[in-house]
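Here is the structure we will look at.
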There are 2 protein chains.
Amino acid sequence: MSIVDPALAKTGTLADQAYEALASSIISGELPPGMRMLEVELAERFGMSRGPLREAMRRLEERRLVERISQRGVRVVRLTGPKLRGIYQVRESLEGMACRLAAQNMTDTELAELRQMLEAHEAYVRDSDDYSQNRRDWDFHDRIARGSKNEMIVSLLCDDLYQLLKLYRNQHKSKPGRARRALQEHWRIFGALEDRDGELAEMLMRRHIGAALTVFEPDWACDEDEGTVPTDLVPGGLQART
Amino acid sequence: MSIVDPALAKTGTLADQAYEALASSIISGELPPGMRMLEVELAERFGMSRGPLREAMRRLEERRLVERISQRGVRVVRLTGPKLRGIYQVRESLEGMACRLAAQNMTDTELAELRQMLEAHEAYVRDSDDYSQNRRDWDFHDRIARGSKNEMIVSLLCDDLYQLLKLYRNQHKSKPGRARRALQEHWRIFGALEDRDGELAEMLMRRHIGAALTVFEPDWACDEDEGTVPTDLVPGGLQART
DNA sequence: AACATCAATAATGTTGACATTAATACGCGA
DNA sequence: TCGCGTATTAATGTCAACATTATTGATGTT
């Protein structure tokens, strides 16, 4: 998928389109971490002026997908080990609360759908070891976030945190083998939700997320070097220009 | 303080200045909830063009101080009872985690300063019953948030949540009488931090915040009407124009 | 008098040019 | 050859005008 995809991005303002396109390019890794994002370059590529593009950049900045260096432009965020740990601390607390609330606010229908989802995952995990941090895994967490019926929690988790974590996941290989275990934890969380036991649900979710962090821990020894000079990539570096 | 204050707002880009000015005007209540914010009007008042102003509006929107209605402009946020409750749920989880982390990450110096602060508060509360949701109260919570040493938590709490809560506080009278009790809870939290007992610190903070919410509960009976037509105030409605 | 249609108005969305500031390249001297 | 100051380039910051869309008001009909 090229950075400018005519299939998507027909709706909303140009700023919205630019945000969507840039966000997904960053998450997919098409725009690698540390890459300089030039307004003129990107505006030309999207066929829009710099105005809407700047608004999109602001939004990317607020959602932590890019970092702005005062008057010296904007770069794709670099997630180092300590930063990821910080994100996981936020996730643990927010998603714990989401789970507690979901236990009291999810409808019986939503719970039934969630059970169906987990049964499908069950079938999937029989064949594959790739589950943790997978699309299916995210689906589960997404349902629970929305089940909290708390708008702010939903937007913080789905619009901000999950994007950042998917971005990290696409950059770093996670060690496999947790598929079976992760699914089992999902089932236990589901059980607590079904029992409407918010306190237990929160506790289980927090432990589940804590365990998920360990999937990445191995490659931190070589990753922590934040002191190195940022590589000065430029947008044109990937695609051929006309 | 007028909405355009030449004393402040000399630093940074025009968009930054506009954001700061608008944010503080919204929080102080100078721009009342539900008020329509017209780009042309505000741009003229700040003496800038609509470009930077629109970027400031985006930021206000991301931080939930204003609400955008697709192509029909932007209004100052209206905090209804259920929304406030949602915010408090987020606050409880995030600030609980912040407190847990602060217990392990605050330096001894920071703890000593915190104790000094509480002693000053102690003297203050002897004369006044206004403490909860007060500047001093916020100072305490601010210190703990920063004590977590978690950048994301700091920005979520200090840049987003606290602003919203101050805004609400300025609109609704809170029932007094919790000053003594709130300060006592602060001391207990401090004790847990000093003991480096993160688990206890988190628990105490969560209960402290849960109790703080009850300060507002009384006026929810008449406040919940979200169905009413939004009042169509216009920026010029407050100040005289030249 | 009530309602629908259409023109006039006013707002947001977008653009290209200009201003300012940071990065780069060049040339000069030690 | 290295370092420093300056000229040049290239980026971000800002502006005023234009385009598009929503709202308002007028007008005419039933």
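Chain identifiers are assigned alphabetically (A, B, ...) following the order of the sequence lines, protein sequences preceding nucleic acid strands; residue numbering begins at 1 within each chain. Side-chain atoms are counted along with the backbone in the values below, which use heavy atoms only and exclude waters and symmetry mates.
We find that CE of A:Met48 is positioned 14 Å from P of C:dG13, with the value rounded to whole Å. Between the CG atom of B:Leu14 and the P atom of C:dA19 there is a distance of 16 Å, given to the nearest Å. Look at CZ on A:Phe46: it is 17 Å from C1' on C:dT15, rounded to the nearest Å. When rounded to the nearest whole Å, the span between CD of B:Gln17 and P of D:dG13 equals 13 Å.
The line from CE of B:Met37 to CD of B:Glu67 is 12.0 Å long, rounded to the nearest 0.5 Å. Considering CG of A:Leu161 and CG of A:Leu156, their distance stands at 7.0 Å, rounded to 0.5 Å.
Taking 4.0 angstrom as the limit, A:Arg58 places none of its side-chain polar atoms (N or O) nearer than this to OP1 or OP2 of D:dG13. In this model, the phosphate group of D:dG13 is approached by a side-chain N or O of A:Arg54 to a distance below 4.0 Å at OP1 or OP2.
Under a cut-off of 6.0 angstrom, the local environment of CD in A:Glu151 is sparse, with at most 12 non-hydrogen atoms contributed by other residues, nucleotides or ligands.
Toward the 5′ end of DNA chain D lies the nearest nucleotide of B:Glu55, the other residue of the pair B:Glu55 and B:Arg50 mapping further downstream.
Taking only side-chain atoms of A:Ser49, from C-beta outward, the nucleotide of C:dG16, D:dT14, C:dG13 with the closest atom is C:dG16.
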Distances for protein N or O near nucleotides 8-11 of chain D N or O, under 3.5 Å:
none

Would you list the protein and nucleotides 7-9 of chain C atom pairs, both N or O, that sit under 3.5 Å from each other?
none

